[in-house]
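One structure is given below, encoded as structure tokens.
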Amino acid sequence: GAPPLTLPESAARGEPALGGTMRIARPAASAAETLDPASSLSAYEYLGALYNRLVKLDIKGNTIPDLAAEWSTNSDATQWVFKLRAGVSFHNGQPFTARDVRYTILHILDPDTASPQAETLLTMIGPNRVDAVDDQTVRFRLKTPNAEFPSLLTAYQCYIIPQGSAATIGSTGIGTGPFRLDSYRPAGAGSVVVNEDYFDGRPVLDRIEFFAIQDTSARVNSLLSSQVDLLSQTNMDDATARVVIGSRGTTVARVPDAQWYTIPMLATSKEFKDPTVRRAMKLCYDSETLLQTAIQGTGSGGWDNPVPPTMAARAPGQRPYDPDRARALLKRAGKDGLQVAIYTSAYEPNLTPIAIAYAEQARKAGIDLKITSVSADSYYTSVWMSKPLMVSYWYTGRPVDQLLNQVFRSGSSYNESAWSNKRFDQVLDSARADTNETSRRAKYQDAQQIIVDDGADMTPIFGDRIVGLSDRVVNYDEYGFEFDYLNIGLKAQSQ
Amino acid sequence: MSQPGASLIDSRFGEQVAVVQDLTISYRAGDRNVVVAQDVSFTLNEGETVGLVGESGSGKSTVARTLLGHLRPGSKIDNGTVTVLGRDMFTLGERELRDMRGRQVAIVPQNAGQSLTPSMRVGGQIQESLKLHGLRHDPARIAEFADLVRLPTPEEIIQRYPHELSGGQQQRIAIAMAIATDPQVMVLDEPTTALDVITQGAVLALIQELRERLNMSILIVSHDLGVVSAIADNVIVLNKGVATERGAARDVLTAPRAAYTKRLLAAAPRLHPAPGEPEPEPIPFDDHAPTLLRCVGVDIRYPRAISLAVRNFQIDIREGETVAIVGESGSGKSTVAHAIAGLLGVEHGEAVITAADHRSQDLRQPVRKRPPVVRRSVQMIFQNADLALNPRRSIGDSVARPLRLFKRTRSRVETKQRVGTLLTEVGLTEQFARRVPGQLSGGQRQRIGIARALAAEPRLLIADEITTALDVSVQADVLRLLDELQERHGLSCLFISHDLAVVKSVAHRIVVMKEGYVVESGPAAAILDDPRHPYTRALLDSVVEPGVERLPSVDIEQRVRRVDASAAMVDVASGHLVRADVGADL
Amino acid sequence: MIYVVRRLLASIITLFLASFFVFFAVQALPGDVAQQLLGQNATPEAVETLREKLGLNQGIWTRYFDWLGSAVRGDLGTSLVSGEPVSTTLWTAFTHTLLIAIPAMIIGIAISVLLGVWAAARRGRRADNTISVLSLITMSIPEFVVATVLIIVFAIAIPIFPAVVLQGPSASFSDLFPAMWLPIATLVFSMVAYIIRSTRSSTIDGLTTEYATTAELKGVKRRVVLLRHVLPTAMLPVLPVISINVAWLLGGVVVTETVFNYPGVGKLMIDSVSTRDLPVLQAIALLSACVYVLVNLAADLLALLLDPRQRTSGRASKRQRPDPALEAKTSEASG
Amino acid sequence: MSLATTVRSASDLGLVTLVGIAMVVITVVLAVLSPVLSPYDPIASNADAALMGSSWAHWLGTDAYGRDVLSRTLYGGRFALVVSVLATTICVALGALIGALAAFYEGWIDGAITRVLDAVLAVPAVLWLLLIVSVFGSGTWVIVVAIAAVYTPAVARVTRGAARPVMRSAYVVAAQSRGEMSLPIIVREVFPNILDTILVEYAMRACWVILLVSTLSFLGFGVNPPNPDWGLMIQENRTALVVAPMGTLSPIIALAVLVVGLNLAADGLGKYLGVDRAMRGVA
Ligand SMILES: Nc1ncnc2c1ncn2[C@@H]1O[C@H](COP(=O)(O)OP(=O)(O)OP(=O)(O)O)[C@@H](O)[C@H]1O
Ligand SMILES: Nc1ncnc2c1ncn2[C@@H]1O[C@H](COP(=O)(O)OP(=O)(O)OP(=O)(O)O)[C@@H](O)[C@H]1O
Ligand SMILES: [Mg+2]
Ligand SMILES: [Mg+2]
């Protein structure tokens, strides 16, 4: 038999050699991709190398300083003031000031930018509510209280760009980040070189090269043949992971719980209008078993709570697993022997295994799910938000407030299950207004409980992202949407 | 067959150049060994012409080609030797064999059209022969050979590709290619089979002349006894690979001893009776029989063709009468047949037939537009029964088709019976109904073709070259059958052939065509005995028959002269019409 | 000459029809283009604005004739995705495809014709049997298997060649040069079998013709018979097979290019299908149709060159129904 | 046909052809009987048994989801076979009809048909397939219809080429001179005589369809996972070729056996029926 799968628990750590060039293969987004962080088509691997945000998240989901040194709010959390780091300048030499922050925010809010983060921010601020108080101070005057406001600025769309650069930023990539742009071509190759003057110290690497390879196998082959050192946005399935581990010169790293898998039940569909049916759909399966069958245990059980276990804000406790109850509930709802198609796609390697594993368990509760696979390129245009049942996924790393508001609040454009619950929305509002850290967290946890009990979006599991890399790569870290480009490096060549 | 070759040594000729001794050749078919030639022996002397005659498949080509050391793939020599100029052709090394081939022994293959490489200019092919054997090969030299075989405008013609030449011209190129290297021995395989009589005469004359000029020895292969008779000194008759008779051409072809040779000779239709035989009576015909088919001033054009294929055609066929059309290739014989059969429309003129319902019906329409009774009344028999029968359908099916189509039978059983009757009528048995065409011989297939035509119960049969593909003995059978059936059913027949001898044996009246015009028509006897048109005369003069010892001298000019478009038909005797062209004897 | 003119006219009609079919097929693609472009995160308003901007709300016939009109003038529109002129994108991809297609074509045709003729000359012997069996097996292995095996062997196990092209559409010749050999090998592998087989069988036919025998009886060497007398005519039936393969090579070899991430027309095609980049798709189809038509034209002209009979057969081809007796005569003579 | 003639005509076919037919028959039988023969459910995954090598429990090992490779290989031909039989039947039937009609109605009808066929052929088959599959999704019927649509013009061209000499043959002229209508001529005289070409075409097309189906699956446009299919199996398992080679090799071998078998059968059949392969363009 094949060797048992022993995935490294995390990336290799160690002392990298200073300098060196790292080559990263990534899937080509599309020829329309851009370096403008605000855009929905940004070439996202570049962003962390080129830019900084005001604030960022740590691995636990806490908001920590980036370009902002500190921040404060008034008593009802309607006004936020950010003190900026001094002595930072953009790659083109232009000093970084509060005006750049204001400019960036306005750029995001500009309807022409069509930024996905605009909707979230617009509920709280408008163009005239951002003030550059002085060079080092920015003030946001919110429309409604929000004690979690800084966390919303951790989104990767909120990378700071220099004032007046909106028209050119897409190709110049001028930021304050650890690397400066060397070359770039949409859906093609590009590179960044070290920014010796980076405010947080010089990054380890001298240079990073990015290559676009659309076909997943081709990407893996490029790693196996040592053409690249790292595959980004390539969550490997088990077989591929084994091959990569088994091959000379390559290995994998795990990014714990980086993939948040969901099974949205369209709440507006005739199948899942009824909360009782939705409840049965949840009770019928066991997250731990699903975790084992679908992804060989490389992740954590979700138990329908969308907040990943790595985050401090996750509500404790676990919903029961009770297939008999599920069966009874269905009977009560008059949906005995429910039959429905569950859609999946090769869009992400684990969607189909999850669909299969879930369908297997549901069968035991008398639910007949027909697995229907759809070509990857139309999955998110023709199935998502339009078919009653499908498997989907997100990256984790959203701050809890944004996560709950963006994906679960009534009417939000990312609300993939079209679920709407007045009480849930109220709980979120009151949490936002709550300046007390502890009681606010309690309210967010209440909200999670509502999702678990009534929500239309199931969260069966969180999966570790299994990233293929050369065994020379050390200190690979990625959380949220953030690559740690500062510390990643290559081991000294042994020969 | 003792004393191989010995009997053929003839004081008139020089040394032996080729000796074939006890040659036995066979090939494997499945698990059987099929003998193609058995113990064949003969010699070929310097300056001598030996004829190899026999029916199709008797092994003539196979034997002839051994003189070049060639065997068909799959065949092998079981016994015997072939010695040419003192060398055993089948033990030579590859190089020596190549030197012999072409240089010492040359062949004009059976079908010149197919033996010329289509992608090379004919001049280039002659040049290749010369070059191979280290002879002069400049264009002037090549043109000389083209001139030697009497091709018009030699410089120009050698620049052409084979398909740009007529059949006769291709044949001449093949001959030029063979004689170019001045070989000692020349093998001519059916040199005139694909040609019309006039061209045949010219080619034979050419061979004769070249032989005398170059003093070659010739082995000529032919199934046409007349051709061999006219050109060969000695003859060997092959029957199923066995030499059944040999001797001086004169003796063998006038006074055969072997039964097979006798049969062969008797079956060959003749224009002139063999010496000692009475002139056959002209076939009598009642002149007052009612007219069945009448064509006057008929013009026929192929769809989208620029010029007419047949002009001002006229013919009368009476009930029970057989009218033959003869003429050179391309003169429009088949075109007329097709128009009457309805495969082509008539552009001008009058064409009527008294159909099976005894009403006069128009024939100018193509078959699709004719009423069923007319369609049924005219039936065609095709030249090559092999090709005219659907190879994937059983004989019974093919014969039954007209029965059903024209509703001659009502039930399945009746159809089956009728098919049986028809098959018996054409000299076959009911069992043939279950076979497919591939399982029949050529003669049998032609009988099926006739049975199929009869099934429709027609009034007029059109027979377009129906015996051309058959061996003489089979041909005689088929002609006899046709005659019998015609008699019995009171059918009229439009008989098309290029063989005057065949025509003589069947036709009451004859129509001679050239270049789309009728040049002469009248009772068979009048045309054959008293030809008035120069073309008819040339045709008759070109005929070579067994026993003829020299080639007729044909005035080639007659043939080349074109028909005068403005000439009229003149009635020279009762019903004998002649076209008033230059040279016509009015 | 008339033949060539008629052939050209027919080609133009073919092109026109092809463009027509493709336009309508492409326009039928599901999934809102605008939605696809803006991605999963777009707002409905943004989508509607984009639709407006792209002219997607106009009638299809208007769009077709607009498109065709500008295509004839060499303007293939701009890519919906990258916003670049389609002609530049396509031209780059096409030159990349040519870079592998032309060597593959030359090597493939040379190898296969050579092997086919060789097998025919050695009919029934070991060389023939080996070639026949190998070509049969070659035919049975899908292109993607060949490509995968080549990568595993020559890029991963023995790293001689790169497994994929990294640089994408911006790759320069020096980037592509080391990476083009495995794709070329794959392509050659996938095309040779068909050409070998048809060359072999038509050469065998040619060797059994009367004229080949006659040439041999003239004392011509077997090799010369084969090359001078047999081959020109024997290549005639092979030409269409070759032209189909060449058209396939030039029209985008989707599988090979995908596996090797090779930035050619095939990859552009599959990318454009998934991003619904209609102008690019239409342009690819038009380009492929042009290539097809040109290749076929070239094959026909080559046939004209090889076969003098076709050069003067203008009249013969017009003949509606040849005389059965005449046909019979010729076939009788050949039988 | 009596047993003796059957045996005789079978031996006429030649050993190689019989081997080819046997290869095809075996593959088909295995695919048909796969529900009975398969030791495991081909889609049941088993996390504990992923990527195992050959063993008594799993003769050909397991794939990344712990599914039995043998069972999947046995089942894997079903889709390709069904699609290929359906698609080939449709495209050959349709193509033969169109080709025969074009050959029958020489002149402008023929010209028009030829132009349309040419126009369809001018656009690469993959592009058509990708378009059709994108429009209608990748259901079995869509793939069948798409492949049939893409191959019909090619078949029509071959048929037209084969039917034209038949149209000029003396027996068709004979039928015309009898005054037969168009349809009986096509059905009675033409079809039986191009049947051999059509049969060989059928076998060859079937081969190509099978390869094409596997290519489509490979490109992600064919069979839906987790269903077993050879193309998909190759696609899924090829990265694991080094770790668990049987997952990739067995579908490749199965595919090759079927296709080689079909090719041998087509070749032998063609020779037996006297079809000149060289004269047929390979489209
Ligand atoms: N190698 C072979 N394989 C199959 N059949 C062969 C072979 N060699 C000779 N034959 C057969 O032997 C017979 C004699 O052939 P040959 O060509 O010598 O006859 P022929 O007298 O010249 O006939 P024709 O007048 O028709 O030209 C024919 O039936 C031919 O088919
Ligand atoms: N289908 C056709 N289309 C155009 N012209 C034709 C066609 N068939 C024959 N012709 C021409 O019509 C003329 C008469 O041909 P036809 O076939 O009637 O001659 P034929 O006397 O039967 O000759 P043969 O003895 O060779 O059979 C010839 O010039 C020929 O080229
Ligand atoms: Mg002969
Ligand atoms: Mg004729």
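So you know, we letter chains A, B, ... as the sequences are listed, proteins then strands, and number each from 1. Every value quoted in this text rests on a predicted model; they were computed, and no experiment measured them.
More than 12 heavy atoms of other shown residues, nucleotides or ligands fall within 6.0 angstrom of atom CZ in C/R7. Around the CZ atom of B/R160, the shell of radius 6.0 Å holds more than 12 heavy atoms that belong to other residues, nucleotides or ligands. Atom CZ of B/R368 sits in a sparse spot, with 12 or fewer heavy atoms from other residues, nucleotides or ligands closer than 6.0 Å.
Contact of B/R65 with chain C is made through the side chain alone, with heavy-atom distances under 4.5 Å. The contact between C/T213 and chain B is made entirely by side chain atoms (from C-beta outward), counting heavy-atom distances below 4.5 Å. Looking at C/R222, neither its backbone nor its side chain comes within 4.5 Å of chain B, counting heavy atoms on both sides. Only the side chain of B/M177 has a heavy atom closer than 4.5 Å to any heavy atom of chain C.
Formation of a donor-acceptor pair under 3.5 Å by the C/K218 side chain with backbone atoms of B/Q125 is found in this model.
Across all their heavy atoms, B/S119 and C/P232 have their closest contact at OG-CB, 3.6 Å. Closest approach of C/G219 and B/R98 over heavy atoms only: O-CD, 3.1 Å. Taking each heavy atom of C/L217 and B/R101 in turn, the nearest pair found is O-CB, 3.3 Å.
Ranked by heavy-atom pairs shorter than 4.5 Å toward chain C, the options B/S129, B/P109, B/P118 are led by B/P118. Interface remark: of the candidates B/L132, B/D99, B/L68, B/T181, B/L132 forms the most heavy-atom pairs closer than 4.5 Å to chain C. Of all the listed residues (C/T209, C/L306, C/T233, C/V220), the one sharing the greatest number of non-hydrogen pairs under 4.5 Å with chain B is C/V220.
The CZ atom of C/R228 lies 4.5 Å from the CD atom of B/E128; values are rounded to the nearest 0.5 Å.
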